[in-house]
Number of protein chains: 2
Amino acid sequence: MTRILVVDDEPQIRRALRTSLASHGYDVQTAGTGEEGVVGAAEGGPDLIFLDLGLPDLDGTEVIRRVRSFSDVPIIVLSVRDRQADKVAALDAGADDYVTKPFGMEELLARLRAQLRRAQPEEAGPAVLRFDELEVDLARRLVTLEGEPLHLTKTEYALLEALVTNPGKLLTHQWLLQKVWGRGYAEESQYLRVYVRALRRKLGDAASAPRLILTEPGVGYRWIAGPEPGPS
Amino acid sequence: MTRILVVDDEPQIRRALRTSLASHGYDVQTAGTGEEGVVGAAEGGPDLIFLDLGLPDLDGTEVIRRVRSFSDVPIIVLSVRDRQADKVAALDAGADDYVTKPFGMEELLARLRAQLRRAQPEEAGPAVLRFDELEVDLARRLVTLEGEPLHLTKTEYALLEALVTNPGKLLTHQWLLQKVWGRGYAEESQYLRVYVRALRRKLGDAASAPRLILTEPGVGYRWIAGPEPGPS
DNA sequence: CCGGTGCGTGAAGATCCCGTAAAAGTGGCT
DNA sequence: AGCCACTTTTACGGGATCTTCACGCACCGG
């Protein structure tokens, strides 16, 4: 059965959507906060997500970005905000559709069908990546080393995420800088050295004998580890 | 370049959309009737269609159905009708999004990007080239020889890429120098000797008995290997 | 037969980039 | 305000890479 995840902080909305969706044959799960929503997206493996932007704990676009780090599941945003800037931000963060409250249920169901029709080839990458003694939980943004939780700063985590979600690929300085720091930082390659150093230290990796992060001089960095570590 | 087909009977709308889309780097075609639109969708092979529902000759949903009979191209409907029934009909006929006029151009562009992003993964070329024991993964920027990763410097890789992406073709000194080092290096043919030498050494090739890189004296170099090894 | 030209080869010097540490700046919290 | 965590900036050795130089050799035409 098609699973729908509803993320909204208002119980009334959750109940209304649950009822309508269930009566049309959908399997409905709900979450009341952004954190719960991201975790639910990872563990429930929904086929589509309805996301309210006005969540108490996380910014809506942040929820979209986090879900997008491990899943291509269709996301339909529900929001009271009708400003263009909000729509553009949400859509560019990775949302597939944006519906302004109040909405008609028939229209919502039609948009739901349209998105499901497109997303047919469902593929869900695992939300927890394992590399030997290192685990990265993309949904909870939790990193553990040898079972011990490892504290990373926001920037460190963003860099690690960019690396582990592109294993084996050579990521150029420019690409990493724009991914982690945003546009306009393409020249700040010193940032990369500083934060790669911090990551290597915390992950127990060494630049001279890399097991995780390989330096490609003059070009960028490469995450070497994962499902296909060629045997000696 | 990304091709957009605009189907609308009002010349003003067509012109406005053409201008806005073109200024954002899209290649725009237009049609003024439903028939023209369907033909344009079939012959132009657009990457996305903007479709006005209020066409004089055909009903909007009929246009969608006809296009859908031969193409999965994303369709974004533009309409003055705000009734739920119209939206449901269009979406269920096969449209991917429905925007009510008047609309903001920023929002429209964001929805356009969202649809294009979804339709993206249709082109996945075999980015890995094989030559006997040598593999060149252009996407990952990874070179392996007999299964072992081979470390190449930035310049060495650039030269190798220029060679393997033009197999069998005679590449002149000037062409290679400009491709790898950029304009202004057309005379530095010594660079080529030095780096061709380095590549041959790392790839296990010999100038006297070339299996990969052939010297064409006085002219340039030629990559000889792969699916189409030119006859002597 | 002989000099010129271009290529292959090795290696030295210069330059750029990386790793690393630590100081300075920033913003949040009590 | 003052502390704390984090980010940004500065500084500096060491190493990788690029650039340049030198030399031997093959080929070619005179």
Side-chain angles (χ1 to χ4, degrees), chain A residues 57 141 143 149-160 162-163 170-224, chain B residues 141 143 149-160 162-163 170-174 176-182 184-222 224:
Chain A
D57 59 334
R141 324 199 101 208
V143 181
L150 188 61
H151 174 70
L152 297 183
T153 72
K154 197 176 181 64
T155 307
E156 289 165 355
Y157 181 85
L159 177 58
L160 178 63
L163 288 167
L170 173 46
L171 309 176
T172 65
H173 298 145
Q174 200 178 350
W175 189 90
L176 282 168
L177 285 165
Q178 110 121 51
K179 188 86 174 178
V180 176
W181 280 270
R183 295 176 188 79
Y185 287 78
E187 306 302 317
E188 303 285 355
S189 56
Q190 175 64 11
Y191 289 9
L192 272 181
R193 288 187 217 110
V194 172
Y195 278 90
V196 166
R197 161 64 178 163
L199 264 187
R200 278 173 168 159
R201 188 201 299 255
K202 290 186 178 181
L203 300 180
D205 202 26
S208 54
R211 294 177 303 113
L212 303 174
I213 304 175
L214 176 69
T215 302
E216 297 275 5
V219 188
Y221 293 91
R222 189 196 302 269
W223 183 265
I224 46 167
Chain B
R141 212 166 168 156
V143 181
L150 186 62
H151 175 70
L152 298 182
T153 72
K154 173 187 171 74
T155 307
E156 288 164 357
Y157 182 84
L159 177 58
L160 178 63
L163 288 167
L170 172 54
L171 309 175
T172 66
H173 296 149
Q174 197 177 352
L176 281 169
L177 285 163
Q178 196 235 287
K179 187 87 174 180
V180 176
W181 281 270
Y185 288 77
E187 306 304 317
E188 304 284 355
S189 56
Q190 174 64 10
Y191 287 7
L192 269 182
R193 289 188 215 105
V194 172
Y195 278 92
V196 165
R197 159 63 178 163
L199 263 187
R200 279 172 168 160
R201 188 205 301 257
K202 290 188 176 180
L203 300 181
D205 201 26
S208 54
R211 294 177 302 113
L212 304 173
I213 303 175
L214 176 68
T215 302
E216 298 276 5
V219 188
Y221 295 90
R222 187 195 303 267
I224 46 167

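Per chain, numbering begins at 1; letters A, B, ... match sequence-line order. Remember, predicted model here, so these are calculated numbers, not experimental data.
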Do any N or O atoms of the protein come closer than 3.5 Å to N or O atoms of nucleotides 6-9 of chain C, and which pairs are they?
unit_1, atom_1, unit_2, atom_2, d
C:dC7, OP1, B:Gly218, N, 3.0
C:dC7, OP2, B:Arg193, NH2, 3.4
C:dG8, OP1, B:Arg200, NH1, 2.9
C:dG8, OP1, B:Thr215, OG1, 2.6
C:dG8, OP2, B:Tyr221, OH, 2.8
C:dT9, O4, B:Gln190, NE2, 3.0

* Along DNA chain D, first and last positions that approach a heavy atom of chain B under 4.0 Å ->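 For DNA chain D, the relevant span reads D:dT17 to D:dA22.
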* Asked: Taking the side chain from B:Asp205 and the backbone from B:Leu212, do they hold a donor-acceptor pair closer than 3.5 Å?
  ->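 At least one qualifying donor-acceptor pair exists.
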* **Check against side-chain hydrogen bond (donor to acceptor under 3.5 Å, both in side chains), B:Arg200 and B:Thr215** => CA-CA 11 Å; B:Arg200 279 172 168 160; B:Thr215 302; 2.8 Å; yes
* Under the ring-ring contact (aromatic ring centres under 6.0 Å, His included) test, residues paired with A:Tyr157 that sit two or more places apart ->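 ring-ring contact (aromatic ring centres under 6.0 Å, His included) check on A:Tyr157 returns nothing, list empty.
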* How about A:Val194 and A:Arg197: do any of their side-chain heavy atoms sit closer than 4.5 Å? ->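 In short, these two side chains do not touch, never coming nearer than 4.5 Å.
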* Taking the side chain as C-beta and beyond, is there a heavy-atom pair between B:Lys202 and B:Leu152 under 4.5 Å? ->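 Yes; the side chains approach each other to less than 4.5 Å.
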* Asked: Once you round it to whole Å, what is the distance between P of C:dT20 and CG of A:Asp205?
  ->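 The distance from CG of A:Asp205 to P of C:dT20 comes to 10 Å, rounded to the nearest Å.
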* To do: If the plane angle is over 60° it's perpendicular, under 30° parallel, otherwise tilted; pick one for A:Trp181 and A:Tyr195.
  =>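 Rings of A:Trp181 and A:Tyr195: perpendicular, as their planes differ by over 60°.
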* Looking only at non-hydrogen atoms, find the nearest pair between A:Gly218 and B:Lys154 and report the distance. =>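 Scanning both residues, the minimum pair turns out to be O-CD, 3.8 Å.
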* To do: Please indicate whether B:Gln190 has more than 12 foreign heavy atoms, meaning atoms of other residues, nucleotides or ligands, lying under 6.0 Å from its CD.
  =>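 Above 12, so yes.
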